[in-house]
Amino acid sequence: MTQRTGTTNEMRKDEIYTCLAHHRRRRILAFLDDRSSPVSDTELATRIGAAESNVALEDVSEHDVRSILVELNHTHLPQLADSGFVTWNRDAGTVAGGEREMIEDPIVAPHLKSFDESRDRLFSALAHRRRRLALSLLDGRESETPITREELATAVIARERAMGLETENESEAADQLATKLYHQHLPKLEDAGLVAYDRDDETISDIGHLDVDAEWCDGTVDDPRRPVLEISPLQASY
(Lines give C-alpha, C1' and ligand atoms only; values in the text may rest on other atoms or scores of the structure.)
Protein backbone atom coordinates (compact mmCIF):
# COMPACT_ATOMS: atom_id res chain seq x y z
CA MET A 1 0.00 0.00 0.00
CA THR A 2 1.24 3.48 -0.79
CA GLN A 3 2.36 5.36 2.28
CA ARG A 4 0.13 8.41 2.64
CA THR A 5 2.10 10.81 4.79
CA GLY A 6 3.85 14.14 4.35
CA THR A 7 6.54 12.32 2.41
CA THR A 8 4.18 10.75 -0.10
CA ASN A 9 5.33 10.79 -3.72
CA GLU A 10 4.74 13.70 -6.07
CA MET A 11 1.86 12.13 -7.99
CA ARG A 12 0.15 11.30 -4.72
CA LYS A 13 0.54 14.90 -3.61
CA ASP A 14 -1.15 16.04 -6.82
CA GLU A 15 -4.09 13.83 -5.91
CA ILE A 16 -4.29 14.96 -2.28
CA TYR A 17 -4.14 18.66 -3.11
CA THR A 18 -6.75 18.24 -5.84
CA CYS A 19 -9.13 16.62 -3.35
CA LEU A 20 -8.59 19.48 -0.90
CA ALA A 21 -9.07 22.15 -3.57
CA HIS A 22 -12.83 22.49 -3.10
CA HIS A 23 -14.55 23.75 0.04
CA ARG A 24 -17.37 21.21 -0.28
CA ARG A 25 -14.95 18.31 -0.31
CA ARG A 26 -13.32 19.69 2.83
CA ARG A 27 -16.76 19.99 4.45
CA ILE A 28 -17.46 16.35 3.60
CA LEU A 29 -14.19 15.25 5.20
CA ALA A 30 -14.76 17.41 8.29
CA PHE A 31 -18.25 16.03 8.80
CA LEU A 32 -17.29 12.39 8.28
CA ASP A 33 -14.31 12.79 10.60
CA ASP A 34 -16.77 13.16 13.48
CA ARG A 35 -18.89 10.15 12.48
CA SER A 36 -18.20 6.52 13.34
CA SER A 37 -20.84 5.05 11.02
CA PRO A 38 -21.95 5.63 7.41
CA VAL A 39 -24.43 8.39 6.58
CA SER A 40 -26.77 8.72 3.64
CA ASP A 41 -25.72 10.95 0.80
CA THR A 42 -29.02 12.83 1.27
CA GLU A 43 -28.16 13.63 4.90
CA LEU A 44 -24.71 14.72 3.80
CA ALA A 45 -26.19 17.04 1.14
CA THR A 46 -28.63 18.46 3.68
CA ARG A 47 -25.91 19.18 6.20
CA ILE A 48 -23.75 20.86 3.57
CA GLY A 49 -26.69 23.03 2.52
CA ALA A 50 -27.41 23.99 6.13
CA ALA A 51 -23.78 24.85 6.85
CA GLU A 52 -23.35 26.93 3.69
CA SER A 53 -26.60 28.84 4.19
CA ASN A 54 -26.25 29.05 7.98
CA VAL A 55 -29.74 27.65 8.55
CA ALA A 56 -31.23 24.74 10.47
CA LEU A 57 -31.37 21.34 8.76
CA GLU A 58 -35.15 21.51 8.42
CA ASP A 59 -34.88 24.86 6.64
CA VAL A 60 -32.80 23.56 3.73
CA SER A 61 -35.03 23.40 0.67
CA GLU A 62 -35.59 20.19 -1.28
CA HIS A 63 -34.32 21.99 -4.38
CA ASP A 64 -31.00 22.83 -2.67
CA VAL A 65 -30.65 19.27 -1.36
CA ARG A 66 -31.21 17.82 -4.83
CA SER A 67 -28.76 20.26 -6.40
CA ILE A 68 -26.03 19.49 -3.86
CA LEU A 69 -26.75 15.76 -4.10
CA VAL A 70 -26.19 15.78 -7.87
CA GLU A 71 -22.86 17.53 -7.39
CA LEU A 72 -21.83 15.10 -4.66
CA ASN A 73 -22.67 12.01 -6.70
CA HIS A 74 -21.18 13.20 -9.97
CA THR A 75 -18.10 15.09 -8.79
CA HIS A 76 -17.03 15.14 -5.16
CA LEU A 77 -17.76 11.64 -3.84
CA PRO A 78 -16.19 9.80 -6.82
CA GLN A 79 -13.02 11.87 -6.45
CA LEU A 80 -12.78 11.40 -2.69
CA ALA A 81 -13.53 7.68 -2.96
CA ASP A 82 -10.94 7.12 -5.69
CA SER A 83 -8.31 8.78 -3.49
CA GLY A 84 -9.19 6.79 -0.37
CA PHE A 85 -10.54 9.74 1.61
CA VAL A 86 -14.03 8.22 1.87
CA THR A 87 -15.80 4.90 1.47
CA TRP A 88 -18.77 5.40 -0.83
CA ASN A 89 -21.48 2.87 -1.66
CA ARG A 90 -23.16 4.40 -4.69
CA ASP A 91 -25.91 1.75 -4.86
CA ALA A 92 -26.85 2.07 -1.19
CA GLY A 93 -26.37 5.84 -1.21
CA THR A 94 -24.12 5.82 1.87
CA VAL A 95 -20.80 7.46 2.68
CA ALA A 96 -18.29 6.81 5.46
CA GLY A 97 -14.85 8.02 6.38
CA GLY A 98 -11.96 6.42 4.52
CA GLU A 99 -8.49 5.50 5.68
CA ARG A 100 -7.54 7.26 8.94
CA GLU A 101 -4.02 8.01 7.77
CA MET A 102 -5.51 10.17 5.02
CA ILE A 103 -7.34 12.41 7.49
CA GLU A 104 -4.41 12.45 9.91
CA ASP A 105 -1.90 13.39 7.20
CA PRO A 106 -0.12 16.60 8.34
CA ILE A 107 -0.95 18.19 4.99
CA VAL A 108 -4.65 17.42 5.40
CA ALA A 109 -5.57 17.62 9.09
CA PRO A 110 -5.14 21.38 9.71
CA HIS A 111 -7.51 22.31 6.89
CA LEU A 112 -10.60 20.21 7.43
CA LYS A 113 -12.44 23.17 8.97
CA SER A 114 -11.10 25.83 6.63
CA PHE A 115 -13.85 26.40 4.07
CA ASP A 116 -12.85 29.74 2.58
CA GLU A 117 -12.70 29.69 -1.21
CA SER A 118 -9.28 31.36 -1.18
CA ARG A 119 -8.06 28.04 0.22
CA ASP A 120 -9.57 26.36 -2.87
CA ARG A 121 -7.31 28.50 -5.06
CA LEU A 122 -4.28 27.75 -2.90
CA PHE A 123 -4.67 23.97 -3.03
CA SER A 124 -5.55 24.10 -6.73
CA ALA A 125 -2.29 25.92 -7.38
CA LEU A 126 -0.36 23.33 -5.37
CA ALA A 127 -1.98 20.39 -7.15
CA HIS A 128 0.67 20.15 -9.84
CA ARG A 129 4.21 18.90 -9.34
CA ARG A 130 5.79 21.50 -11.63
CA ARG A 131 4.12 24.39 -9.82
CA ARG A 132 5.39 23.11 -6.46
CA LEU A 133 8.83 22.64 -7.95
CA ALA A 134 8.83 26.16 -9.39
CA LEU A 135 7.85 27.54 -5.98
CA SER A 136 10.59 25.60 -4.20
CA LEU A 137 13.17 26.92 -6.68
CA LEU A 138 11.97 30.50 -6.28
CA ASP A 139 11.96 30.19 -2.50
CA GLY A 140 15.41 28.61 -2.43
CA ARG A 141 17.14 31.42 -4.33
CA GLU A 142 19.58 33.58 -2.37
CA SER A 143 18.84 36.59 -4.55
CA GLU A 144 15.49 38.40 -4.37
CA THR A 145 15.90 39.66 -7.93
CA PRO A 146 13.01 38.53 -10.16
CA ILE A 147 13.82 35.92 -12.78
CA THR A 148 12.46 35.57 -16.28
CA ARG A 149 9.93 32.98 -17.34
CA GLU A 150 12.58 31.31 -19.51
CA GLU A 151 15.03 31.16 -16.61
CA LEU A 152 12.42 29.57 -14.37
CA ALA A 153 11.52 27.01 -17.05
CA THR A 154 15.20 26.11 -17.52
CA ALA A 155 15.68 25.75 -13.76
CA VAL A 156 12.63 23.48 -13.41
CA ILE A 157 13.80 21.22 -16.25
CA ALA A 158 17.31 21.05 -14.77
CA ARG A 159 15.93 20.08 -11.35
CA GLU A 160 13.67 17.45 -12.92
CA ARG A 161 16.68 15.92 -14.65
CA ALA A 162 18.56 15.90 -11.33
CA MET A 163 15.56 14.11 -9.82
CA GLY A 164 15.79 11.46 -12.51
CA LEU A 165 12.84 12.71 -14.55
CA GLU A 166 14.59 12.61 -17.89
CA THR A 167 13.67 14.72 -20.90
CA GLU A 168 14.82 13.80 -24.39
CA ASN A 169 15.64 17.35 -25.43
CA GLU A 170 16.28 19.72 -22.54
CA SER A 171 16.22 22.96 -24.54
CA GLU A 172 13.04 22.00 -26.39
CA ALA A 173 11.42 20.93 -23.10
CA ALA A 174 12.36 24.26 -21.48
CA ASP A 175 10.79 26.17 -24.38
CA GLN A 176 7.60 24.14 -24.08
CA LEU A 177 7.48 24.65 -20.30
CA ALA A 178 8.02 28.40 -20.69
CA THR A 179 4.85 28.47 -22.83
CA LYS A 180 2.94 26.38 -20.29
CA LEU A 181 4.12 28.66 -17.50
CA TYR A 182 2.60 31.62 -19.33
CA HIS A 183 -0.74 30.00 -20.14
CA GLN A 184 -1.28 27.59 -17.26
CA HIS A 185 1.00 27.64 -14.24
CA LEU A 186 1.82 31.28 -13.52
CA PRO A 187 -1.82 32.46 -13.65
CA LYS A 188 -2.70 29.76 -11.09
CA LEU A 189 0.20 30.65 -8.81
CA GLU A 190 -0.52 34.36 -9.09
CA ASP A 191 -4.24 33.92 -8.41
CA ALA A 192 -3.38 31.97 -5.24
CA GLY A 193 -1.09 34.77 -4.06
CA LEU A 194 2.05 32.67 -4.29
CA VAL A 195 4.04 34.63 -6.88
CA ALA A 196 4.14 38.06 -8.47
CA TYR A 197 4.25 37.93 -12.26
CA ASP A 198 5.17 41.06 -14.22
CA ARG A 199 3.78 40.49 -17.70
CA ASP A 200 5.53 43.52 -19.13
CA ASP A 201 9.01 42.42 -18.06
CA GLU A 202 8.15 38.70 -18.18
CA THR A 203 9.62 38.24 -14.69
CA ILE A 204 8.51 36.25 -11.66
CA SER A 205 9.10 36.91 -7.97
CA ASP A 206 8.40 34.76 -4.94
CA ILE A 207 6.16 36.84 -2.67
CA GLY A 208 5.51 34.10 -0.15
CA HIS A 209 2.12 33.41 1.39
CA LEU A 210 0.87 34.10 4.89
CA ASP A 211 -0.48 30.56 5.20
CA VAL A 212 2.42 28.68 3.59
CA ASP A 213 5.76 27.89 5.18
CA ALA A 214 8.75 27.49 2.90
CA GLU A 215 9.15 23.74 3.38
CA TRP A 216 8.56 22.49 -0.15
CA CYS A 217 11.04 19.58 0.08
CA ASP A 218 10.37 15.87 -0.67
CA GLY A 219 11.97 15.51 -4.08
CA THR A 220 12.48 19.22 -4.67
CA VAL A 221 15.34 19.82 -2.22
CA ASP A 222 18.20 17.74 -0.94
CA ASP A 223 16.63 16.16 2.15
CA PRO A 224 13.63 13.98 1.18
CA ARG A 225 12.91 13.17 4.84
CA ARG A 226 11.50 16.64 5.49
CA PRO A 227 7.79 17.32 4.81
CA VAL A 228 6.85 18.41 1.32
CA LEU A 229 5.52 21.64 2.78
CA GLU A 230 3.87 22.84 5.92
CA ILE A 231 0.76 24.99 5.65
CA SER A 232 -0.11 26.81 8.84
CA PRO A 233 -3.71 26.31 9.95
CA LEU A 234 -6.20 29.03 9.18
CA GLN A 235 -8.76 30.09 11.74
CA ALA A 236 -11.69 27.74 11.26
CA SER A 237 -14.71 29.25 9.55
CA TYR A 238 -18.18 27.78 9.95
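Just so we're clear, the structure is a prediction, and the values are computed from it rather than from any experiment.
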Rounded distance [0.5 Å steps], CD in E202 versus CG in L181: 10.0 Å
Can you check whether A50's main-chain N or O pairs, donor with acceptor, with D59's side chain at less than 3.5 Å? no
Beyond-backbone contact of I28 with I48, side-chain heavy atoms, under 4.5 angstrom: yes
Mind checking the CG-CG spacing from L189 to L126? Nearest 0.5 Å is all I need. 8.0 Å
Could you go through K13 and R129, starting from their C-alpha distance and side-chain angles, then the distance that decides it, and tell me whether this counts as side-chain contact (heavy atoms from CB on, under 4.5 Å)? CA-CA 8 Å; K13 279 175 275 181; R129 173 179 56 82; over 6 Å; no
Expected output: side-chain R159 to main-chain L133 donor-acceptor under 3.5 Å: no
Verify the distance criterion only: is there a donor paired with an acceptor across the side chains of E15 and S83 at less than 3.5 Å? yes
Over 60° means perpendicular and under 30° means parallel, so tell me whether Y197 and Y182 are parallel, tilted or perpendicular. perpendicular
Mind checking whether E52 and R27 have side chains closer than 4.5 Å, heavy atoms only? yes
Within the 4.5 Å heavy-atom criterion, are E43 and R47 side-chain neighbours or not? yes
To check you understand the geometry: which heavy-atom pair defines the closest contact between P78 and T75, and what is its length? CD-O, 3.4 Å
Side chains of D206 and L194: does their closest heavy-atom pair fall under 4.5 Å? no
Would you please test F31 and L44 for side-chain contact (heavy atoms from CB on, under 4.5 Å) and show each step? CA-CA 8 Å; F31 174 65; L44 187 58; 3.4 Å; yes
By side chain to side chain donor-acceptor pair (under 3.5 Å), which residues pair with N73, not counting sequence neighbours? none
Derivation of the side-chain contact (heavy atoms from CB on, under 4.5 Å) call for T148 and E151: CA-CA 5 Å; T148 67; E151 288 172 334; 3.1 Å; yes
Side chains of S205 and E144 in contact at under 4.5 Å (non-hydrogen atoms): no
Has the side chain of D201 got a donor or acceptor atom that lies under 3.5 Å from a matching backbone atom of T203? no
Tell me, which pairs form a salt bridge (charged side-chain N to carboxylate O under 4.0 Å, His left out) where one or both residues lie in residues 66-76, sequence neighbours left out? R24-E71, E62-R66
Tell me yes or no: between the side chains of S67 and D64, is some donor less than 3.5 Å from an acceptor? no
For A125 versus A192, what's the shortest heavy-atom pair and its separation? CB-CB, 3.7 Å
Decide salt bridge (Lys or Arg N to Asp or Glu O under 4.0 Å) for R100 and D33; before the verdict, give the C-alpha distance in whole Å, the side-chain angles of both, and the deciding distance to 0.1 Å. CA-CA 9 Å; R100 285 304 308 171; D33 189 42; 2.8 Å; yes
Show, in sequence, the C-alpha distance, side-chain angles and deciding distance for E117 and R121, and conclude whether the salt bridge (Lys or Arg N to Asp or Glu O under 4.0 Å) test is met. CA-CA 7 Å; E117 292 188 20; R121 294 191 294 273; 5.6 Å; no
How many angstroms lie between OG in S136 and CZ in R131, if you round to the nearest 0.5 Å? 14.0 Å
In short, T18 meets A127 closest at the heavy-atom pair OG1-CB, 3.4 Å
Pairs in or reaching into residues 173-190: which pass salt bridge (charged side-chain N to carboxylate O under 4.0 Å, His left out), with residues at least two apart or in two chains? E190-R199
Would you say the side chain of F85 lies within less than 4.5 Å of the side chain of L32, judging by non-hydrogen atoms? no
Any link between V60 and F115 through a network of hydrophobic side chains (Ile, Leu, Val, Met, Phe, Trp, Tyr) touching at under 4.5 Å? no
Closest non-hydrogen atom pair, L57 against T46: O-CG2, 3.8 Å
So which atom in D41 and which in L72 form the shortest heavy-atom distance, rounded to 0.1 Å? O-CD1, 4.1 Å
With rounding to the nearest 0.5 angstrom, report the CG to OG1 distance, L177 to T154. 8.5 Å
V65, V39: one ILVMFWY side-chain cluster at the under-4.5 Å cut-off? no
Side chain to side chain, L20 and L29, heavy atoms closer than 4.5 Å: yes
Among H185, E160, Q184, exactly one meets side chain to side chain donor-acceptor pair (under 3.5 Å) together with R130. Which residue is that? E160
First locate atom CG of D120, then atom CZ of R25, and finally report the distance between them rounded to the nearest 0.5 Å. 8.0 Å
Nearest heavy-atom approach of L69 to A45 is N-CB, 4.0 Å
Which value, rounded to the nearest 0.5 Å, describes the distance between Q176 atom CD and I157 atom CD1? 8.5 Å
